[in-house]
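A quick write-up on the structure given underneath.
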Amino acid sequence: MTIEKLYLVLKRFLASLFILFLIVTLVFVLIRISPGEPTQKYLSPKLSPELAKEVQKSYNLDEPIIVQYFGFIRNMFTGNFGISYEYRMPVLKVISQHLPVTLTLAFFSIIIQLLLGYFFALFSVKRKNTLTDKFLRRASVVMYVTPGSVLGLILIFIFSVHFDLFPSGGFHSYFYDELSFPGQIKDIAAHLILPLLTLSLPGAALFFNYFRDGIEEVLQKDFVLYLKANGFSNKVIFRKHVLPNVLKPVLSVAGIELGFLLSGTLVTEVIFSLPGMGRLMISSILSRDFPLVIACAFVSAMFIILANFIFDIIKVKIDRRIWREILR
Amino acid sequence: MMKPNKIKIWHFVLSIWTVIVIVRFTLLVKTAELMWYVFLLLFDDYDFLLSHLNFQMFDAGLSLLIMLMIPLLLSFSKIRNKYFNSGINFSKCFIVLLMYSFLLPSLITRVHPDLQKNISEIKLLHPFSIIYEIRLKSDGDSELKPIKEKFLTLKDEVILKEFIEGKIFVKNYTLEEHEYKINHNNKIILIPSDSIELIKSDIILFGTDEFGRDIFSRLIFGARISVFIGFMAVTISLILGLTLGYFASTGNPFISMTLNRLNDLFLSFPAIFLVILVLALFGNNLVSVIIVLGFSGWMSLYKIVSSEVAAIKQKDFFIASEKLGLNNYELLLKEILPVIMVPLTVNLVFQFSNVILVESALSFLGLGSGSQYPSWGAMIEKGQEYIYEAWWLIFIPGAVLVLTLLSFHNIAKEVNKFFNPKIT
Amino acid sequence: MRLKFYFPAILSLLILTSCEKEEFRNTSRVVIAIQSEPETLNPIYAFGINEGVITDHLFLYLLDLKWNATKGDVEAFPMLADKWQWNPDSTSIEIYLRKDAKWIDGKPISAYDVVYSFDIYSDKAVQSRFYGTFKNFYHFENGEVNIQKTFSVKDSFHLIINFMPDKIISLYDLAFPIVPKHVYEKIKRNEIQTAEINFNPVSSGVYKLKKWERNQYIILEANKDCFLYDEDMIKEIIFKVVPDYNSLLTQIKKGEIDFAEDIRPSDARQLGNYKNLKIVPVRGRQYDYVGWSNIDGKYFNETKKIKPHRLFGNKKVRQALSYAINRKEILDQYLLNYGSLCNSPISEIFVNEFDSSLAGFEFNPEKAKQLLEEAGWTDRNKNGVLEKNNFEFSFTLNIPSGNPLREFAATVIKNNLKQVGIETNVEKLEFGVLMDGVLNRKLDAWILAWFIPLPIDLKPYWYSDLTNTQMNFVGYQNRVADDIILNLEKKNSYNTYIELMKRFQRVISDDQPVTFLYWVDNIICYNSRIKNITIDPFGPVQRIWEWRLKN
């Protein structure tokens, strides 16, 4: 069985590589056929028109697209994604400067979302159909509908402007280097609390609904009644039987949510001036920085596939019967 | 047991209908008249008519038709009993109102959603403020045939216009010896009283935006576009997610493998590229928006369906029904759907709101339903710019969206109850 | 419950982080907000405005140019050049350099650096931002400056620059930051683009780079070795990247930022109420316009021949459109008078050239309707839309997405035009897509802005030859205007020059190749603890070394 599992994982790994290749190709074609040129910023009365032509030539943009594509693929297999037009350095280096923020945010945010959603759902289910329950359910909808930008503004207004507890933007302060190590941790934590809240609250509201409705539904099931009648304690029933059933759809969605978080969270990054992948990707698309666009798509696709894989593994852990279907 | 509710939903539908008929009676009659002239012109001057036919004319005719159909439909007891016979509650009433504004916006509000005049006077008015509408006398002369003349006057009265020449809107005015003193573009101008036909006051229910456009009217007309986009996109996602998820678990390893990777592909393919792709293929219009939103939302549904179905397949009741000889379609509908209903409905309802909000964000990437239609998402987006000066710009459409969502959520609950009767 | 353990833990963390706020704000430090990350600190590639501003403080110029508001022109003061002397017919300039100017690695700045700078800026392989602009120097076919003919170096601090005889030479021809020869020499020319010095420059200016945290901030600190250094100067300048406009407002109110530009008019009013903030507009450098495609773009692309546009090819139609658009209302309602009506591409900051007698097109729908009727557009079937030869007057107006002013303008214009019977469909396009459409003449009408270069340059925008003038997006064709533009390139007496300028404004205003909307102010907001700020058409952030902090 372990060999079959390993075989499946290997197969999936290869298929994922193929997907990555496909994505890179698609992005390559799309960004080229869409209107707009990287040399557009060279259009200004102060600059000479010859400059744009020269630059275009040096980017090899005057060659036919097929030649460009094969050149690009050849380079990609040697791990060379090219040099960013805008940043004038290897694209992977640019991405490595933006990745830590995104990884930190995504990792903490998904944990916060799941935990908040779970605990509030538990809290709410226990008080089923009371005022608190109803309030929480309504509030979760309001929370979910609030656009990230508005939520961010409100949080900044309350915690940054009014109470002056946290800074309103940035990843760390200017005087970061002058701080002691615990001070540095504190500095980053203070900078990340508001963005994390902005990022996590709507998702937490969504998971709250999944958990709450799921728990409620499973608790109604006959087998729970049967287990109760057999004298199992509520705790055991809940841990061993209710939770696994509830978790399955939640984990499916969580994998997707983590994927979204990893491909960059544009709105939060913009509001809190954080240097993350979302801003990098959008700005590279807007300035038509072709190598950077492709590398961004590649890296974020890689992380998304990885995130989905991780959550699939967790799902297998929970329900061993269906590993074949899930790992496939 | 719930106590039986005496007031049924169709009572509510009918009472709203009655209110509309009473308030807009003259308008309905004029619309009927207009339609008659359209019919006459069909034979008289076809080209002339053709140049006048547009979506608004069509909409007016349709509104009249719907108004006639509603009591007719309700009088069939079969339809009434099947769809409109449950007891009323807030969510259902709200959905009914939403459907009315979806179908008959031009009967509910008589202000064009893009009407703007005297921006300096009526921009950014808070809810419940009062303005005065000064109607100037006009001298009409025309050399057209009487039938066309009549048609034009009727059209003028029935169809809403985004610009009215003969009207001036002011916050206040003073009368001084046969002359009205009003504020116009921060300058005081005088209008002789004999050129004024009438002055009437108007209450602006939900305030105005930065162009002095009526928020209420924009909300009502926006319901049409937003609800339409939301429904269509969610339906596309649902169909894709459900069928693909079901196929993924039919047992053929090759299919499920391919579909899983396809899902990965869509998940990891940044949505912005999907926007570019659709823009390149279909151009910038409503259908593109729906396609983009529909195709970018099916992944989570797929994941839920495929993993749930995989689990169900191991269960005894499913194997039993399979052995009984039910076909794929019946298995999906009767055995699987009820089980995955709960996570599915949660997902669908939230996706609905997502779609409404995201629709406005698409316009940033050069794809949007355009500014010729007001949509709730666009209103919320725009309201953020004025969040410090005019809270109602974002709060009112936001509140309406929340109410819509809550109502759908509650109704989804009832649907769940229908499938899984044990939930209380 | 385990919750009982979590909550105190989180709470204590919160308290810990919030109460220990070290005081780092007391140092002499100013934070300037910039909207996007600078890409390089190499003056050769400082294409963006932000990069320009930062590199201007890292690298010294030959001359220090200042704007003189009463003359409406620039004046030169010594910087690297201690003194200079034009020859009588101003075709060559003799420059004496300062002897105490140094690069931060200790090497002196010599005449060889100056010559090398021109060499490298004009080199084809380097692709600098000034490539191809050295038309007034002796140059080769490929745009590279002819070093032998142009420069004669007398000694390390004394050189002569010769210009081509028949050109109009101005101070702007010498306005380049000087780069260090001894550093750039070591790098291959075509590899300068990706070299490490783009991020770690060997600079000469009064500030030097202290730290660059990607996409967050750049810290510059005062360079004590520079001759411009002064004890009272602000010791540290932080350029902070703040991409979100609302965060910018919050931070400037809180004092986290000291200086910000591009404030929206409605917020400028509100910020003006804060005692610690000052609002100053930079006037007259940028105007918005509605571009009407004068020629049939599709036909031109196919045949390279000129055919008037179906709708906007007629001068009367364009005039009518200008009459029908209520520019004043947009100016009053959105810009709140942070701007002024624009009637021609020459702004009032050019005191001498500006023609104040130009009347412009005041909002007048009646006149517009009359002009349209003269051009043959009438509403015969009374459906509210004008037609001519069975064609209805309807078109798509494109605007770039994410620009609230242009969205506002487009909404008002759509309504204004409806009033005279023109159907407008407003479509937002992403900027790259919009520019693609404009450059390839695919669009009928659009709203964009022109940033006015110093010195005034009309030819790229309005000269008829469309293959060479890339900025003439609308395809404006007028013989008279062409004549004036060509005459302006010759050496003229001052009076003829002014007369030509004024005549050009009258011609173009009458033709209305575009509807000139308004000059848009760049609204600056800064903390009033900063003193001695120069804000003029030259730019909002300049001469930071002159800024002082109030104690």
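Not measured: the values here are computed from a predicted model. Naming: A, B, ... by sequence-line order, numbering from 1 per chain.
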Validation row: [X], [Y] side chains within 4.5 angstrom (heavy atoms):
{"X": "C/Gln216", "Y": "A/Pro275", "value": "yes"}
{"X": "A/Arg279", "Y": "C/Pro243", "value": "yes"}
{"X": "C/Asn215", "Y": "A/His98", "value": "yes"}

Proximal component of [X], with respect to chain A [non-hydrogen, under 4.5 Å]:
{"X": "C/Glu37", "answer": "side chain"}
{"X": "C/Lys459", "answer": "neither"}
{"X": "C/Lys253", "answer": "neither"}
{"X": "C/Ser36", "answer": "neither"}

Pair A/Arg88 + C/Glu196, salt bridge at N-O below 4.0 Å: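 No.
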Atom group of A/Gln97 that falls short of 4.5 Å from chain C, counting heavy atoms: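 The side chain, not the backbone.
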Structural part of A/Ile156 lying under 4.5 Å from a heavy atom of chain C: side chain
Residue C/Glu213 excluded, over 12 heavy atoms near CD under 6.0 Å: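 Yes, because the 6.0 Å sphere around CD of C/Glu213 holds more than 12 heavy atoms from other groups.
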A/Phe120 CZ: over 12 foreign heavy atoms closer than 6.0 Å: no
Residue selection (most heavy-atom pairs with chain C, distance under 4.5 Å) from A/Leu153, A/Ile83, A/Leu280, A/Val94: A/Leu153
A/Ser160 backbone acceptor or donor facing C/Lys254 side chain under 3.5 Å: yes
Euclidean distance, A/Phe272 CZ relative to C/Asp244 CG, rounded to 0.5 Å: 9.0 Å
Atom pair CZ/CZ of C/Phe431 and A/Arg288 - distance to nearest 0.5 Å: 11.0 Å
